[in-house]
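The block underneath contains the structure these notes are about, expressed in structure tokens.
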Amino acid sequence: MMQIIVKKDEFREALLSWYRREKRDLPWRRTSNPYYIWVSEVMLQQTRVDTVIPYYERFIASFPTMEALAGAEENDLLKMWEGLGYYSRARNLQAGVREVVSDYGGEVPSNRTEISTLKGVGPYTAGAVLSIAYGVPEHAVDGNVMRVISRLLLIEEDIAIPRTKKIFETVVMDLIDQEDPSSFNQGLMELGATICTPKPKCLLCPVRDFCLAFQEGRQEALPIKTKKTKMKMKIIPVASFAIQNSEGEWLMRQRPSKGLLASLWEFPMVEPADDKTPQKMAHEHFGIELVGIVDILIFKHIFSHLTWEMKSFGARIEKTDIIPDGYQFFSQEEVEALPKPVPVLKIWDEIKRGGLK
DNA sequence: AAGTCGTGGGA
DNA sequence: TTCCCAAGACT
């Protein structure tokens, strides 16, 4: 039923020798600390290697142990994640680490059953940590691995369907090198990231002699991935107000703890903004009176599924006895220390650049 | 199962 | 410009 590669041992040797020779020198490949591997795997979810590197270095420097991360304040944690996106990853990582510290004596579990109970640790991350940090022969199937294996064995199942992943997990468990599961799994991913890319570079491939898709000349057609009917992008006009009191402090609030940009900090925003004057929007939405309104920036911020069309304004408020619910004033230094999403960072950077302080 | 959750890079 | 993402997990 399942297509089986014939020369498993030779395939393993070809992949492993290539990986050991050609692997990129990445910071998380210089350690076998399970916690550090875990951090890197979470950061790498849906995120490019080049983007992750500086975040990983700073994160490990700030939270060098699981105890340090477990004891961190949420704002300090999110500050380390600022700009990386998918901020729930950070909260889930800390929650998982706290579980390890409190329930597992500070040792990351070394079996799939237990490690999979940790917050934010799904099937891929579990297998990656187990194989890379502990040398346990477990599958770690991500998008790269599905692309590589679908070509290698000419598997034509639709990888857009979640249950298809089980096929690849089974294949990897059959193929995986028992002596060096870490290099085997990373080798598959490295191959997918550098050679067996969506537009494959088969002439450089160390395992093309084993590749059924290459033999059939169908490597470009795999993997099969049905197009998800792409949702139409919602476009939301947003007016954002960077407001100072007479002390020069800035009005900000923390976003709700669930949903988009959860728990990050922002200036007062009106969404959707209408064509009213900024003065009127602030009055009607927040019940405050602004003076000295100036334009700061107009830009679009594009999320996966929606776009904010941002108009940002600077202003002052003189009567501070009425403040919109949930908002507080912060000094320049305090604002600097708060974790902010990229669109807010853009406004804040422009304020500092323009000397509006 | 399908929608949600960020961002920046490259074709 | 527009599109598709890139080492997924959660609900």
- Note on the structure: Among C/dG8, B/dG6, B/dC5, the one nearest any side-chain atom of A/Tyr87 is B/dG6
- Residues forming a salt bridge (charged side-chain N to carboxylate O under 4.0 Å, His left out) with A/Glu271, sequence neighbours excluded: none
- Message: Taking 4.0 Å as the cut-off, does a side-chain nitrogen or oxygen of A/Lys225 come that near to OP1 or OP2 on C/dC5?
- Response: yes
- Note on the structure: Per nearest nucleotide of DNA chain C, the residue lying toward the 5' end, A/Lys300 or A/Met189, is A/Lys300
- Protein-nucleotide distance (A/Ile161, atom CD1; B/dA2, atom P), rounded to Å: 8 Å
- Nearest to the side chain of A/Lys165, which nucleotide is it out of C/dA6, B/dT7, C/dA9? C/dA9
- Want to settle it: does A/Arg163 or A/Pro341 sit nearer the 5' end of DNA chain B, counting the closest nucleotide to each? A/Arg163
- Integer-rounded Å distance: B/dC5 P and A/Arg91 CZ: 12 Å
- Task: Just compare C/dA6, C/dG8, B/dT7 and give me whichever is closest to any side-chain atom of A/Pro198.
- Result: C/dA6
- Message: In this structure, how many angstroms lie between the P atom of C/dT2 and the CZ atom of A/Phe303, rounded?
- Response: 19 Å
- For C/dT2 versus B/dG6, give the span between their P atoms, rounded off to a whole number of Å. 24 Å
- Is A/Leu93 close to A/Trp81 at the side-chain level, that is, under 4.5 Å between some pair of heavy atoms? yes
- Mind checking A/Leu26 for me? I need base, sugar-phosphate or nothing, with any heavy atom below 4.0 Å counting as a touch. base
- For A/Lys199, answer base if it contacts any base atom (sugar-phosphate contacts may also be present), sugar-phosphate if it contacts only those atoms, and nothing otherwise; contact means non-hydrogen atoms under 4.0 Å. nothing
- Message: If I take atom CH2 in residue A/Trp81 and atom C1' in nucleotide B/dC5, what distance separates them, rounded to the nearest angstrom?
- Response: 13 Å
- Message: What's the closest nucleotide to the side chain of A/Tyr86 if the choices are C/dA6, C/dA9, B/dC5?
- Response: B/dC5
- Item | Nearest-angstrom distance from the residue atom CE of A/Met146 to P of C/dA6 | 12 Å
- Message: Can you tell whether the side chains of A/Glu157 and A/Lys165 come within less than 4.0 Å, N to carboxylate O?
- Response: no
- Message: Apply the hydrophobic cluster definition, ILVMFWY joined by side-chain contacts under 4.5 Å directly or through others, and give me every member besides A/Ile323.
- Response: A/Phe241, A/Ile243, A/Leu251, A/Val270, A/Met281, A/Phe286, A/Ile288, A/Leu290, A/Ile293, A/Phe313, A/Ile317, A/Tyr327, A/Phe329
- d(CG, A/Leu306; C1', B/dC5) in whole Å: 10 Å
- Item | Result of checking A/Arg21, A/Arg24, A/Lys23 against A/Glu190 for salt bridge (Lys or Arg N to Asp or Glu O under 4.0 Å) | A/Arg24
- Item | Within 6.0 angstrom of A/Glu336 CD, more than 12 heavy atoms from elsewhere | yes
- Task: Could you state the atom-to-atom distance from NE2 of A/His305 to P of B/dG6 in whole Å?
- Result: 8 Å
- Message: So A/Gly192, base contact, sugar-phosphate only, or nothing? Heavy-atom distance under 4.0 Å.
- Response: nothing
- Query: Taking atom P of B/dT7 as reference, at what distance in whole Å does atom CD of A/Gln45 sit?
  - Reply: 16 Å
- Message: Over all strands shown, is A/Arg24 touching base, sugar-phosphate only, or nothing at heavy-atom distances under 4.0 angstrom?
- Response: base
- Hey, are the side chains of A/Trp250 and A/Gln332 touching, using non-hydrogen atoms and a 4.5 Å cut-off? yes
- Message: Between A/Glu266 and A/Val344 (side chain of the first, backbone of the second, donor and acceptor by atom type, cut-off under 3.5 Å), is there such a pair?
- Response: no
- Item | P atoms of B/dC5 and C/dA6, separation to the nearest Å | 22 Å
Show me the protein contacts with nucleotides 8-11 of chain B, counting only N or O atoms at under 3.5 Å.
from  : atom 1 : to      : atom 2 : distance (Å)
B/dG8 : N2     : A/Arg48 : NH1    : 2.8

- Check every strand shown and say whether A/Val49 touches a base, only sugar-phosphate, or nothing at a heavy-atom separation below 4.0 Å. base
- Message: For a quick check of understanding: with a heavy-atom distance under 4.0 Å over all strands, which category does A/Thr125 fall into, base, sugar-phosphate or nothing?
- Response: sugar-phosphate
